[in-house]
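Computed from a predicted structure; not experimentally measured. Computed over heavy atoms, backbone and side chain alike; hydrogens, waters and symmetry mates excluded. Counting convention: from 1, in listed order, for ligands and their atoms alike.
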Amino acid sequence: MSLERTADLWWKNAIIYCLDVETFYDSDGDGIGDFAGLTRCVDYLAGIGVNCIWLMPFYPSPNRDDGYDLTDHYAIDERLGTFGDFTEFMRTARDRGIRVIADLVVNHTSSDHPWFQSSRSDRNSRYRDYYVWRDEIPEDGPEGVVFPGEQEGVWTWDDAAGQYYHHRFMHHQPDLNVANAEVRDEIRKVIGFWLAQGLSGFRVDAVPFFLETEGIAEEMEIAPHDYFRNLCEFLTRRTGEAIMLGEVNVAPDQLAPFFGDEDGDELQMLFNFPGMQGLYLGLARKDAQPFVAALLSLPQAPPECQWASFVRNHDELTLDKLSDDERQEVFDAFGPEEDMQIYGRGLRRRLPPMLAGDSDRIRLVYSLMFAMPGTPTIFYGEEIGMGENLAVEGRRSVRTPMQWTDEPSAGFSTADPDQLRRPLPEGAYGPANVNVRAQRNDRDSLLTWFERVIRQRRQTPEIGWGEWKIVDTDARGLVVIRYDWQDRTLVTVHNLAAEAAKADLDVSDVEWTVARDLLGDTAIEPTGDGRLVIEVAGHGFHWLRLNKPGQRLTP
Ligand code: GLC
């Protein structure tokens, strides 16, 4: 891989930060975050080293699914500001070297969308076939609701239309009919529109459902993945640097087609859902094996593609790919109460409360997130160790306002706490105890630690670019990942167990003089036979760069 390409594929070594405008910073005191507020926070994000912001949906919406139910793909929710405010934000982000991507929600719309309203009320409407209508519920169609307990089925009768419509998600989120060429044109236009506003790509919502046609729609004249490939080509034709980061939570052996062919001509990035789920099982067991097994179950990402690493996102922490017993182990360890669980498959908590605030363990997990193969993706507030508010319904428990200060409204807004978009948590994870201002002035805070690790991650392109492999060890708790990139070799070691462990690693195929810890002051010389031996504290971690004879690396 040439150096020029390295420079171009920016996402391989990016730090992505996901936020929702309405819960980030409120500039006008109405209790709802807005673009003008977000613009004021861009320097904060630049300061911690973020170079890509992922905006959750900011489009007009009745907000029955927090914006993932939109009524206009070409506009901004007026509660969040004007288009002018959006453009100011985009300009400020770009000026500080931050790219912006946004959610692309094209599997469905809100049932309030004018397309759906027209579609249901008139069989001759040009929008009729924008959605999927059937006289009878087809027998060969997909089953399985996405939100068990909240959603009854995937077909709902509509009196006005006199037919059933298809919806993979809630009944108020009718699925768009991707078999209709006009819908496909419309989606292209949506992408083109936002690229023209300066976006560098999209986080694509619910990709497998979007491409699912079997038993739902009429024959599609183009195979879904061929269509998707065309769409991805269109994206980079319009904007060369643009990417699509896909939400694809399917079994590991079904992931590869979403990258496209072996050169990677579909999604540039996929979230590493298997790694995330394996990590929690490993943490619960204090055993590296489930996480290592999950990494090894991943298909090889094509050279110009990448995994996106995360430990927590805006949804429930889904454990759907674990067995029932395994899931129960994670529930027992991290969310034993029923109120902490959701849909029978996930947890509605953030990481620090799950780990009972154990700061060593919290850092271990985030170090591993930054060190695992892929591009790290931070969910806002993770950098200060925010907790959830279980009093907030459903998955939204983790989407409370950003905690900037110790004031009652967390410096998020000048409105009263009970006027905020969502109520803040109280107690140990409330703003009095967890906030940016206090942590910024504390050298030992999680925020200070995050800043340092992000800085180091950006200077460690081996992780984003290198070839990785698992190095065997006898110690049960240790995850050891080795990266080779150009003339560099990096070995990352993480101990999921509470007991200290000795890593005795065979790296004798490389000639090296000293291994330096990029996150600490450890420096280790090879044993006589070229092995790397290191004592790792319980929950300890090291990123060890092997210096080779004559090699000159920037510190
Ligand atoms: C994705 C989003 C989730 C949303 C769903 C329907 O899974 O992450 O928040 O509810 O799609 O759009």
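Summarising the geometry of E382 relative to F450, their closest heavy-atom pair is O-CE1, 3.7 Å, with the distance given to 0.1 Å. A161 approaches W133 most closely through the heavy-atom pair CB-CZ3, 3.4 Å.
E241 CD: more than 12 foreign heavy atoms inside a 6.0 Å radius. More than 12 heavy atoms of other residues, nucleotides or ligands lie within 6.0 Å of CD in E221, so this atom counts as buried by the packing criterion. Applying the 6.0 Å contact sphere to CD of E426 captures no more than 12 heavy atoms from other residues, nucleotides or ligands.
Contact residues for ligand 1 (protein heavy atom closer than 4.0 angstrom to any ligand atom): D65, Y68, H108, F147, F169, R203, D205, E247, H314, D315, R395, R399.
Aromatic ring centres of H73 and W115: separated by under 6.0 Å.
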